[in-house]
S.K.: 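Quick one: the structure is below, questions incoming.
Only heavy atoms go into these numbers, but all of them, side chains included; no hydrogens, no water, no symmetry mates. Given the structure is predicted, the values throughout are model-derived calculations rather than measurements.
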Amino acid sequence: MGLFQECVGLLISAPYPTVACLRGSAPAGGTVLGLCCDYRIAAKEEPLIMGLTEVFVGMAPPQWVHQLATNAIGHHKSKRVLMLGSQTLDPAQALKLGWIDETIVTKNRTDECPVPEWQDDVSKVLYGEALKHLEHYTSLPPIAQADVKRKANQSILDHITSQGLDEVVESIAGDEFQSTCNAILERLSKRK
């Protein structure tokens, strides 16, 4: 968890803009990393699973995850999402909830952009759109923009401490988490 918190801290405190291109299955940690970014996009036609689902396994997310969700989707929605372990099953739901900022039509596009050869067409389109957003961000005064970002994320940074790690360890060591995980493992072993 320490390395994950460090990654979160680096993303939200980066003095430059960040854009997340989200696809596929990104619940829990994937959603957290996406929420750390200044702008989040997803392919309109692709599957996208996002959510803060820790409560399903009897774990309460640390305070900094609450604050990250609150910054992204507002207090009322984030409290409900965290209490219910809600997850979205497609980009339209993620957009409506506020997990992402924009869906991009990727089918039948022939965008030209510098992208590694191993990337597929959907990734190429998302990457190109991310570059457009970054170009817009970087056209603005960088020092003022970095200061705004730092101030907006300061409460999250304040909570990413050893206390946050202690909260997670305490939750994982608790009876509720342990019994829930055991029940999940038992169900999974019966599927074989």
Side-chain angles (χ1 to χ4, degrees), residues 1-13 18 20-37 39-103 120 122-123 126 153 155-192:
M1 186 64 181
L3 287 176
F4 185 75
Q5 284 176 255
E6 186 177 332
C7 182
V8 166
L10 289 171
L11 273 172
I12 65 173
S13 65
T18 55
C21 300
L22 296 156
R23 308 176 62 178
S25 184
T31 297
V32 168
L33 291 175
L35 293 178
C36 290
C37 294
Y39 201 78
R40 298 169 297 280
I41 59 176
K44 191 171 192 165
E45 316 83 359
E46 293 276 313
L48 178 64
I49 299 172
M50 294 182 74
L52 298 172
T53 56
E54 290 82 351
V55 74
F56 287 139
V57 292
M59 181 179 153
Q63 179 62 37
W64 60 268
V65 173
H66 285 260
Q67 190 61 50
L68 189 63
T70 298
N71 283 9
I73 64 174
H75 178 77
H76 181 70
K77 279 185 185 176
S78 67
K79 181 176 74 169
R80 186 176 59 227
V81 162
L82 288 163
M83 288 176 68
L84 298 175
S86 300
Q87 71 179 9
T88 61
L89 302 176
D90 63 53
Q93 287 178 326
L95 182 63
K96 183 177 180 182
L97 184 61
W99 289 138
I100 60 175
D101 297 299
E102 183 179 4
T103 57
D120 61 18
V122 172
S123 294
L126 289 175
N153 291 327
S155 63
I156 300 166
L157 288 167
D158 291 345
H159 284 101
I160 297 177
T161 63
S162 60
Q163 181 184 9
L165 185 57
D166 291 345
E167 284 180 62
V168 173
V169 170
E170 186 178 307
S171 186
I172 290 171
D175 292 339
E176 185 173 45
F177 178 83
Q178 294 296 320
S179 63
T180 303
C181 284
N182 285 333
I184 290 169
L185 289 173
E186 189 175 316
R187 281 194 311 269
L188 290 173
S189 67
K190 289 179 182 179
R191 288 185 181 176
K192 292 180 181 180

S.K.: I want to check something: taking the side chain as every heavy atom from C-beta on, are Val55 and Leu82 in contact at a cut-off of under 4.5 Å?
M.R.: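 No, side chains not in contact.
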
S.K.: Identify the heavy atoms of Pro91 and Ile100 that sit nearest to each other, and give their distance.
M.R.: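 It is O-CD1, 3.6 Å.
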
S.K.: If you measure from CG on Leu126 to CD1 on Ile41, what distance do you get to the nearest 0.5 Å?
M.R.: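 It comes to 5.0 Å.
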
S.K.: Is there a side-chain contact between Leu68 and Cys36, using heavy atoms and a 4.5 Å cut-off?
M.R.: yes

S.K.: By side chain to side chain donor-acceptor pair (under 3.5 Å), which residues pair with Gln87, not counting sequence neighbours?
M.R.: none

S.K.: Not counting sequence neighbours, which residues clear side-chain contact (heavy atoms from CB on, under 4.5 Å) with Ile184? List them please.
M.R.: Val57, Thr180, Arg187, Leu188

S.K.: What's the shortest heavy-atom distance between Leu22 and Gly30, and which atoms?
M.R.: CD2-O, 4.4 Å

S.K.: I'd like to know if the side chain of Thr31 and the backbone of Gly51 have a donor-acceptor N/O pair within less than 3.5 Å.
M.R.: yes

S.K.: Quick one: are Leu52 and Trp99 in side-chain contact, heavy atoms under 4.5 Å?
M.R.: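 SC-SC contact between Leu52 and Trp99 confirmed.
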
S.K.: Can you list every pair that meets side-chain hydrogen bond (donor to acceptor under 3.5 Å, both in side chains) and has a residue in residues 69-79, with sequence neighbours left out?
M.R.: Gln67-Asn71, Thr70-Ser78, His76-Arg80

S.K.: Suppose we screen for side-chain contact (heavy atoms from CB on, under 4.5 Å). Which residues come up paired with Gln178, at least two apart in sequence or across chains?
M.R.: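 Residues passing side-chain contact (heavy atoms from CB on, under 4.5 Å) with Gln178: Ile172.
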
S.K.: Take atom CG of Asn182 as the centre, draw a 6.0 Å sphere, and report whether it contains more than 12 heavy atoms from other residues, nucleotides or ligands.
M.R.: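 Yes - once you tally the heavy atoms of other residues, nucleotides and ligands closer than 6.0 Å, there are more than 12.
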
S.K.: Taking only residues two or more places apart in sequence, or in another chain, which ones meet Thr18 in a side chain to side chain donor-acceptor pair (under 3.5 Å)?
M.R.: Asp38

S.K.: Do any pairs count as a salt bridge (Lys or Arg N to Asp or Glu O under 4.0 Å) and have a residue in residues 46-58, sequence neighbours left out, and if so which ones?
M.R.: Arg23-Glu46

S.K.: With a 4.5 Å heavy-atom cut-off, do Arg40 and Leu35 have their side chains touching?
M.R.: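 Yes, close enough: below the 4.5 Å cut-off.
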
S.K.: Please give me the minimum heavy-atom distance between Thr53 and Gly85, naming the atom from each residue.
M.R.: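 Where Thr53 meets Gly85 most closely, the heavy atoms are CG2-O, 3.5 Å.
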
S.K.: Residues in ring pair (Phe, Tyr, Trp, His ring centres under 6.0 Å) with Tyr39, at least two apart?
M.R.: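 If we apply the ring pair (Phe, Tyr, Trp, His ring centres under 6.0 Å) test to Tyr39, skipping adjacent residues, the hits are His133.
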
S.K.: Could you tell me whether Glu176 atom CD has more than 12 heavy atoms of other residues or ligands within 6.0 Å of it?
M.R.: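 No, the 6.0 Å shell around CD holds no more than 12 heavy atoms from other groups.
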
S.K.: List in chain and number order the residues that pass side-chain contact (heavy atoms from CB on, under 4.5 Å) with Ser25, two or more places apart in sequence or in another chain; answer none if no residue qualifies.
M.R.: Pro27, Ile49

S.K.: Apply side-chain contact (heavy atoms from CB on, under 4.5 Å) to Gln93 and list each qualifying residue two or more places apart in sequence or on a separate chain.
M.R.: Thr88, Leu89, Asp90

S.K.: Taking C-beta and beyond as the side chain, do Trp64 and Ile12 meet within less than 4.5 Å on heavy atoms?
M.R.: no

